[in-house]
Amino acid sequence: MSDEIKPNVAEAPTHDAQLAAENIASGEEKAPKVDFDADYEAAQQLSVSEIDRTAEGAKAAQEATAPKFEMPQAEETTFKAEATGNPDDYLEMANDISGSPNEAVSNVSDDLLQKAFEMGQPGK
């Protein structure tokens, strides 16, 4: 399937392309003919090298993609937390997480809670 190229001078991305489009439009140059099917077939042939079609190519690909370092097998580890039963340990952990024991967690007051409860009641 051979197609003729019809260049548009306004769409030419470069100065050279614009000059070529003008020459084709004026008839000074012939428009190139493009055979898309033949170009596609040629591209298919060039996309795979000759060595890749042989067993030697498969061996070379295997060697090129082989890992360079030996990976050790993963070992399963187990962790057991010993229960102390001492509440002071938990209190210390809670203080570490919350920051300062004097620091307020939020600014929620009793009035604010009462207002929230009232707003949550169904309409009368």
Side-chain angles (χ1 to χ4, degrees):
M1 174 173 133
S2 181
D3 291 337
E4 185 176 325
I5 296 180
K6 297 175 185 166
N8 185 349
V9 177
E11 294 179 0
T14 64
H15 183 66
D16 289 337
Q18 187 177 16
L19 289 175
E22 288 172 357
N23 288 340
I24 291 170
S26 67
E28 292 178 35
E29 290 183 27
K30 284 187 168 183
K33 294 201 183 261
V34 179
D35 189 353
F36 292 106
D37 293 332
D39 286 349
Y40 180 77
E41 291 298 323
Q44 295 301 312
Q45 293 298 320
L46 293 174
S47 68
V48 179
S49 68
E50 291 298 323
I51 193 168
D52 288 338
R53 295 184 178 126
T54 65
E56 186 179 324
K59 182 180 174 189
Q62 180 69 25
E63 289 174 4
T65 58
K68 298 195 182 344
F69 301 103
E70 189 174 318
M71 294 295 293
Q73 291 294 324
E75 295 177 8
E76 190 170 325
T77 58
T78 57
F79 178 76
K80 184 176 181 186
E82 305 248 346
T84 63
N86 185 355
D88 293 334
D89 293 339
Y90 298 108
L91 184 59
E92 186 179 328
M93 258 192 325
N95 285 334
D96 288 343
I97 292 172
S98 67
S100 169
N102 299 329
E103 186 178 305
V105 175
S106 66
N107 57 356
V108 177
S109 65
D110 290 337
D111 293 334
L112 186 61
L113 284 174
Q114 185 60 36
K115 187 175 180 182
F117 284 133
E118 290 171 3
M119 291 179 73
Q121 297 297 322
K124 296 179 183 176

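Computed from a prediction, not measured in an experiment: that's the story for all the values here.
For Gln44, the CD atom sits in a packed shell: over 12 heavy atoms of surrounding residues, nucleotides or ligands are nearer than 6.0 Å.
Distance check, rounded to the nearest 0.5 Å: CD of Glu41 to CG of Leu46 gives 11.5 Å. To the nearest 0.5 Å, atoms NZ (Lys59) and CD (Glu56) are separated by 8.0 Å. A distance of 9.0 Å separates CD in Glu75 from OG1 in Thr77, rounded to the nearest 0.5 Å.
Lys30 and Ile24 make their closest contact through O-CG1, 4.2 Å (heavy atoms, listed as atom of the first residue, atom of the second, distance). Listed here is the closest heavy atom pair of Ala12 and Ala17: CB-C, 3.7 Å.
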